[in-house]
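Just so you know, residue 1 is the first one in the sequence shown, and it goes up from there. Counting starts at 1 for both ligands and their atoms, following the listed order.
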Amino acid sequence: METRILNIEGMNLEEKAFAKLILPNGEFLLPTITGTEGENAIDIRDLRKNSGYVTYDPGFGNTASCQSSITYISEDGILRYRGIAIEELAGKATFLEVAYLLLYGKLPSDTELKNFESSILRRMALHEDLKRQFDVYPRDAHPMAILASVVSSLAAFYTDEKIGDPESVYKNATRLIAKFPTIAAYSYKKSIGHPYIYPRQDLNYCENFLHMMFNHPSCSYEIIPEVVEALDLLFILHADHEQNCSTSTARLVRSSQSNIFACITSAICALWGPRHGGANEAVINMLNSIKNEGISPSDFVERVKKKQTRLMGFGHRVYKNYDPRAKIIKDACHRLLKRLNRQDQLLDIALELEEIALNDEYFIERKLYPNVDFYSGIMYQAIGIPTKAFTVMFAIGRLPGWLSQIIEFDSDPDNKIGRPRQIYQGPNKTNYIPILSR
Ligand code: ACO
């Protein structure tokens, strides 16, 4: 059998590890790549060209779509943004500081952060014409539908982006971070028939969001610092999570060189589903139905084990241990409820479900632990966010991650249009039959 080496240009063959692939048409040596945290990968870029074979990996569980220096996560429960542990950022940084870190790859100086914050705050208002777009939605429209369509409309208002010109991309990234909370708040105001509240430059990012959501011309809303802090923390914890479904979607859409608003719209749509960002809404619906139907948590877990339903907020494609974000959110949830002097029966049910599941063989065997969504909904609910808007909250938090990944994609010399292959399993060539002969 002939052995062919793929993609060896510039390699020191003695130092490199190779994967050996034995196929009916020959043996192939595939180069390997090792990440900075020691993850090993096989570089299959030239596999099809040289061997005629493609790889089959539904759900991409074994496929690295890029090399990235933004976020590191590991099976055993590590999450770092640009090398900094989430536990450290969650206690010390603000959301906009984290957004800067993700976007620019370094922590900002005091002046850089102030400039960044002010560039966001002064862009929070929506164009008046765009504001009128909210009038056309039905009152019970899902806020994710509104977010997706208003964000796609931004492309009609801001047409100055040039792919290959990072400055114009950063400018639109700032616009998006600025306008997301306003769009989210306006969709809520629309749903309850209240007037839209303009952002204020004397409030910070999270204060502005609460102000636009809950203030009203005839009765003012008190902004509680601990609520602001809780919201900021939730946004930090959601800010990036490497190549998840919505981020991969954003990168894929960018690969066709679509504008950044189109990329973010597609990411919002990918986030919406209950297997991804929609899980926070699904968790609260699950907890409510357990409460309202008087099901005991142990009976519910039995139904899960019989595969009649899933325990929403549990399980993760990468983490096979406690999601580090869930740990932080669980503590923050207790703190927030205490500060607001609230007892929440849903929290009690969630705690009981967790306790039962973590001690049950079904969950132990499958390494299913609470994920970021298990407790976040209880916090959003305590803050006053309607259940339907939970995934919008996730989107506000995740936006800096999506943007950073798009910016990284733009500067990647290996970037090309995303175009997976398939293995065709349909009929072989057959003839068209005229309609009257079928
Ligand atoms: N409840 C019950 N069983 C589960 C759960 C769950 N939440 N999650 C996985 N399992 C089981 C599956 O039934 C499967 O069992 P089997 O081997 O007997 O068939 C096994 O665990 C593996 O599950 P997969 O679905 O193959 O795992 P995958 O990595 O594809 O899915 C996912 C990950 C989608 C997150 C899944 O765990 C899930 O559906 N969880 C509930 C929804 C959720 O919380 N999503 C939020 C994820 S985090 C995020 O996006 C923010």
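Ring-plane geometry between Phe134 and Tyr196 is classed as tilted, the angle between the planes lying from 30 to 60 degrees on a 0 to 90 degree scale. Taking the six-membered ring where the residue is Trp, His216 and His194 present perpendicular rings, their angle passing 60° and hence far from 30°. Between Trp272 and His142, the ring planes lie tilted relative to each other; the angle falls in the 30° to 60° range.
With salt bridges taken as basic N to acidic carboxylate O contacts below 4.0 Å, one links Arg254 and Glu161. Taking a cutoff of 4.0 Å between a charged side-chain nitrogen and a carboxylate oxygen, Glu408 and Arg251 qualify as a salt bridge.
Looking only at protein heavy atoms, the nearest one to atom 21 (O) of ligand 1 is Arg366 CD, 3.3 Å. Ranking the protein heavy atoms by distance from atom 29 (O) of ligand 1 puts Arg317 NE, 2.8 Å first. For atom 1 (N) of ligand 1, the nearest non-hydrogen atom of the protein is Leu311 N, 3.0 Å. Looking only at protein heavy atoms, the nearest one to atom 43 (C) of ligand 1 is Ala279 CB, 3.6 Å. The protein non-hydrogen atom at the shortest distance from atom 4 (C) of ligand 1 is Leu368 CD1, 3.5 Å. Scanning the protein heavy atoms around atom 34 (C) of ligand 1, the nearest turns out to be Arg275 O, 4.1 Å. Protein heavy atom at the shortest distance from atom 41 (C) of ligand 1 is Phe314 O, 3.4 Å. Ranking the protein heavy atoms by distance from atom 35 (C) of ligand 1 puts Gly315 O, 3.7 Å first.
Counting heavy atoms of neighbouring residues, nucleotides and ligands inside a 6.0 Å radius, atom CD of Glu39 exceeds 12 of them. Remark: Glu167 CD is loosely packed, at most 12 non-hydrogen atoms of other residues, nucleotides or ligands lying under 6.0 Å away. No more than 12 heavy atoms of other residues, nucleotides or ligands sit less than 6.0 Å from atom CD of Glu355. Annotation for Lys338: atom NZ does not count as buried by contact number, only 12 or fewer foreign heavy atoms lying within 6.0 Å.
The nearest non-hydrogen atom to atom 50 (O) of ligand 1, considering only His276, Lys305, Met312, Lys367, comes from His276. For atom 51 (C) of ligand 1, the nearest non-hydrogen atom from the set Thr309, Asp323, Asp373 comes from Asp373.
The nearest protein heavy atom to atom 48 (S) of ligand 1 is closer than 4.0 Å.
Residues Phe157 and Phe261 keep their aromatic ring centres 6.0 Å or farther apart.
Within the 4.0 Å heavy-atom shell around ligand 1 one finds Gly313. In this structure, Lys307 has a heavy atom closer than 4.0 Å to ligand 1. Ligand 1 is never approached by Phe374 to a heavy-atom distance shorter than 4.0 Å.
Less than 4.0 angstrom separates some heavy atom of Val304 from each of these atoms of ligand 1: 1 (N), 2 (C). Ligand-side atoms of ligand 1 in range of His316: 37 (O), 48 (S), range being under 4.0 angstrom from any heavy atom.
Residue contacts with ligand 1: Phe394 is placed with no nitrogen or oxygen under 3.5 Å of a nitrogen or oxygen of the ligand (distance criterion only). Distances between N or O atoms of Asn371 and those of ligand 1 include at least one value under 3.5 Å. Residue-to-ligand polar distances place Arg310 within reach of ligand 1: an N/O pair is separated by less than 3.5 Å. Looking at Tyr362 next to ligand 1, an N or O pair under 3.5 Å apart turns up.
Residue Val372 touches ligand 1 through its side chain alone, judged by heavy-atom distances below 4.0 Å.
Rounded to the nearest 0.5 Å, atoms CD1 (Ile146) and CD (Gln133) are 9.5 Å apart.
For the pair Phe300/Leu311, a side-chain contact is recorded, criterion being any heavy-atom separation below 4.5 Å from C-beta on.
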Please assess Phe394 against His241 for the test ring pair (Phe, Tyr, Trp, His ring centres under 6.0 Å), listing each intermediate value before the final yes or no. CA-CA 12 Å; Phe394 190 146; His241 217 228; 8.9 Å; no

